[in-house]
Structure formats: structure tokens, C-alpha cells
A.B. asks: 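Structure below; questions to follow.
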Amino acid sequence: VQLQASGGGLVQAGGSLRLSCTASGRALRTYAMGWFRQAPGKEREFVAAISRGGLTTSYEDSAKGRFTISRDNAKNTVFLLMNSLKPEDTAIYYCANALSYGSHKSLYDSWGQGTQVTVSS
């Protein structure tokens with residue numbers, strides 16, 4: 001499966017962005033999906049995950065209450081709605097697919113190219 005993330009950009013602190021991850025090559029409903037991010041000089045870290053059917057989600061602590069992951073399997077797309085953005089959310093955001101639901105990077109197989117999110121103070 002090939003993944004393409006989009007929707008990033010420059011936003012002021014307190015603003016919102018909605019990222020999209022579109023899949024091609026195979027039906028997205030086959031996979032659990034996750035969003036990760038990587039800031040300059042830092043390791044890629046987990047942000048959010050969603051199960052195949054969309055009934056189960058999980059978030060990294062700083063994302064809880066601000067970010068919402070969702071999916072539309074009919075459109076082969078996963079979303080990450082990010083509200084109340086902070087400068088420390090600045091990073092490249094990646095989507096990825098996994099056969100098993102979870103937060104660890106090792107579960108994930110294919111990674112999209114990423115989309116840059118920059119939050120100004």
C-alpha cells in the first residue's frame with residue numbers, strides 16, 4: 001500500500017489543521033492506521049492510532065483532548081484533526097499502516113512521505 005499525507009502548513013499557536021492520509025494499492029480497511037511525527041533532531045514518535053473499523057483509538061499524552069484521529073474506509077483515507085496547536089507540535093507528520101493495532105513504530109509497515117506542520121508562537 002502507498003500512503004500520501006497532506007494538509008500540513010503554517011499555523012499560529014491555538015489554531016487548527018486537519019491532516020489527511022490517502023492510500024492506494026490496497027484497501028485501507030485492511031489495516032490499523034497511525035500518525036507519527038518527527039521534529040528536527042528528535043526520534044519519530046507516536047501521535048495517534050485507530051483500529052481497522054475505527055472503533056478504537058489511542059493518543060500520545062500531549063495529543064489527548066486536542067487531536068482526533070478518524071477514518072473513512074470508503075474513501076481510503078485517514079484523518080488527524082489537530083486543535084489548540086502549540087509550537088512544540090511543529091514536526092513532519094507521517095501516516096503509516098499496521099496489521100496490528102498499537103502505538104509502537106515496529107508494528108507499522110508502510111510510511112507516507114510526511115507533511116510539514118509548523119506552529120508559530
Side-chain angles (χ1 to χ4, degrees):
V1 62
Q2 292 78 45
L3 301 172
Q4 179 64 53
S6 62
L10 174 63
V11 64
Q12 289 188 332
S16 299
L17 283 173
R18 189 178 81 156
L19 306 184
S20 299
C21 173
T22 302
S24 60
R26 193 165 180 178
L28 208 59
R29 64 178 180 272
T30 306
Y31 302 100
M33 295 296 297
W35 285 96
F36 291 76
R37 65 187 179 188
Q38 188 166 16
K42 295 189 176 181
E43 294 285 324
R44 191 171 298 187
E45 65 176 6
F46 170 76
V47 176
I50 188 166
S51 60
R52 287 188 183 90
L55 296 181
T56 305
T57 58
S58 59
Y59 299 90
E60 183 265 336
D61 284 347
S62 71
K64 290 178 182 176
R66 299 189 301 127
F67 294 4
T68 303
I69 188 171
S70 61
R71 65 192 300 160
D72 185 339
N73 286 339
K75 295 182 178 180
N76 245 20
T77 304
V78 176
F79 304 98
L80 184 67
L81 175 62
M82 305 186 294
N83 294 322
S84 303
L85 282 162
K86 305 175 182 180
E88 50 264 44
D89 294 318
T90 295
I92 299 174
Y93 284 70
Y94 299 89
C95 58
N97 65 300
L99 293 177
S100 300
Y101 170 78
S103 62
H104 202 280
K105 283 183 294 186
S106 64
L107 294 173
Y108 291 83
D109 299 316
S110 299
W111 295 81
Q113 285 188 321
T115 185
Q116 176 70 49
V117 171
T118 303
V119 184
S120 62
S121 57

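Excluded from the calculations below are hydrogen atoms, water molecules and symmetry mates; all remaining heavy atoms, backbone and side chain alike, are included. Here the structure is a predicted model, which is why all the values come from computation and not from measurement.
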A.B. asks: Under 4.5 Å between any side-chain heavy atoms of Arg66 and Asp89, yes or no?
C.D. replies: yes

A.B. asks: What's the separation between atom CG in Leu28 and atom OG1 in Thr77, rounded to the nearest 0.5 Å?
C.D. replies: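 One gets 7.5 Å once the value is rounded to the nearest 0.5 Å.
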
A.B. asks: May I ask you to test the Phe67-Glu60 pair for a side-chain heavy-atom distance under 4.5 Å?
C.D. replies: no

A.B. asks: Run Glu88 and Val119 through side chain to side chain contact (heavy atoms under 4.5 Å, CB included) and show every step you take.
C.D. replies: CA-CA 8 Å; Glu88 50 264 44; Val119 184; over 6 Å; no

A.B. asks: Taking all atoms of both residues into account, what is the closest heavy-atom pair of Leu3 and Ala96, and its distance?
C.D. replies: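 Taking Leu3 first and Ala96 second, the nearest heavy atoms are CD1-CA, 3.6 Å.
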
A.B. asks: Heavy atoms only: give me the nearest Val1-Ser110 pair and the separation to one decimal.
C.D. replies: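 So the minimum-distance heavy-atom pair works out to O-OG, 3.4 Å.
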
A.B. asks: Sub-3.5 Å donor-acceptor pair from the side chain of Asn97 to the main-chain atoms of Met33, do we have one?
C.D. replies: no

A.B. asks: Which of these, Val47, Leu81, Leu80, sits in a side chain to side chain contact (heavy atoms under 4.5 Å, CB included) with Ile69?
C.D. replies: Leu80

A.B. asks: Identify the two heavy atoms, one from Arg52 and one from Asn73, that lie closest to each other, and give their separation to 0.1 Å.
C.D. replies: O-ND2, 3.1 Å

A.B. asks: Does some side-chain heavy atom of Trp35 sit less than 4.5 Å from a side-chain heavy atom of Val78?
C.D. replies: yes

A.B. asks: Decide salt bridge (charged side-chain N to carboxylate O under 4.0 Å, His left out) for Lys105 and Glu43; before the verdict, give the C-alpha distance in whole Å, the side-chain angles of both, and the deciding distance to 0.1 Å.
C.D. replies: CA-CA 11 Å; Lys105 283 183 294 186; Glu43 294 285 324; 3.8 Å; yes

A.B. asks: Mind checking whether Tyr59 and Phe36 sit in one hydrophobic cluster, side chains of I, L, V, M, F, W, Y counted as touching below 4.5 Å?
C.D. replies: no

A.B. asks: Passes side-chain hydrogen bond (donor to acceptor under 3.5 Å, both in side chains), Tyr101 versus Ser58? Steps please.
C.D. replies: CA-CA 10 Å; Tyr101 170 78; Ser58 59; 3.0 Å; yes

A.B. asks: I need the Phe79 CZ to Ser20 OG distance, nearest 0.5 Å.
C.D. replies: 5.0 Å

A.B. asks: Can the positive tip of Arg44 be found less than 6.0 Å from the middle of the six-membered ring of Tyr94, inside 45° of the ring normal?
C.D. replies: yes

A.B. asks: Return the CD to SG distance between Gln113 and Cys21, rounded to the nearest 0.5 Å.
C.D. replies: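 Here the rounded value is 11.5 Å.
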
A.B. asks: Quick check: closest heavy atoms across Phe46 and Gly102, and the distance to 0.1 Å?
C.D. replies: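 Closest pair (atom of Phe46, atom of Gly102, distance): CE1-O, 4.1 Å.
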
A.B. asks: Taking all atoms of both residues into account, what is the closest heavy-atom pair of Ala13 and Ser121, and its distance?
C.D. replies: CB-CA, 4.4 Å

A.B. asks: Decide if atom CD of Gln116 counts as having more than 12 heavy atoms of other residues, nucleotides or ligands within a radius under 6.0 Å.
C.D. replies: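 Yes, because the 6.0 Å sphere around CD of Gln116 holds more than 12 heavy atoms from other groups.
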
A.B. asks: Is there a path from Ile50 to Met82 through hydrophobic residues (I, L, V, M, F, W, Y) whose side chains come within less than 4.5 Å of each other?
C.D. replies: yes

A.B. asks: Is a side-chain N or O of Asp109 found less than 3.5 angstrom from the main chain of Ala98, in a donor-acceptor match?
C.D. replies: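 No, because the side chain of Asp109 does not come within donor-acceptor range (under 3.5 Å) of the backbone of Ala98.
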
A.B. asks: Counting only heavy atoms from other residues, nucleotides and ligands, does the tally under 6.0 Å from CZ of Arg29 exceed 12?
C.D. replies: no

A.B. asks: Would a distance-only check, ignoring hydrogens and angles, find a side-chain to backbone donor-acceptor pair under 3.5 Å from Thr90 to Thr118?
C.D. replies: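 Not confirmed, Thr90 side chain does not pair with Thr118 backbone.
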
A.B. asks: Atom OG1 in Thr57, atom CZ in Arg71: separation rounded to 0.5 Å?
C.D. replies: 11.5 Å

A.B. asks: For the backbone of Lys75 and the side chain of Asp72, can you confirm whether one donor and one acceptor N or O come within less than 3.5 Å of each other?
C.D. replies: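 Present.
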
A.B. asks: Quick check: do Leu19 and Thr115 have side-chain heavy atoms less than 4.5 Å from each other?
C.D. replies: yes

A.B. asks: Assess whether a salt bridge exists between Lys64 and Asp61, defined as any Lys/Arg side-chain N lying under 4.0 Å from an Asp/Glu carboxylate O.
C.D. replies: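 The answer is yes: the pair qualifies as a salt bridge.
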
A.B. asks: At what distance, to the nearest 0.5 angstrom, does OG of Ser16 lie from CG of Asn83?
C.D. replies: 3.5 Å

A.B. asks: Taking the six-membered ring of Tyr93 as reference, does the cationic atom of Arg37 (NZ for Lys, CZ for Arg) lie under 6.0 Å from its centre and within 45° of its axis?
C.D. replies: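 Pair Arg37/Tyr93 does not count as cation-pi.
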
A.B. asks: Between Ser51 and Thr56 (side chain of the first, backbone of the second, donor and acceptor by atom type, cut-off under 3.5 Å), is there such a pair?
C.D. replies: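 Yes, the answer is positive, given that a donor and an acceptor are paired below the 3.5 Å cut-off.
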
A.B. asks: Are Val117 and Leu17 close enough that some pair of their side-chain heavy atoms sits under 4.5 Å apart?
C.D. replies: yes

A.B. asks: Please report the shortest heavy-atom distance between Tyr108 and Gly34, naming the atom on each side.
C.D. replies: CE2-N, 3.4 Å

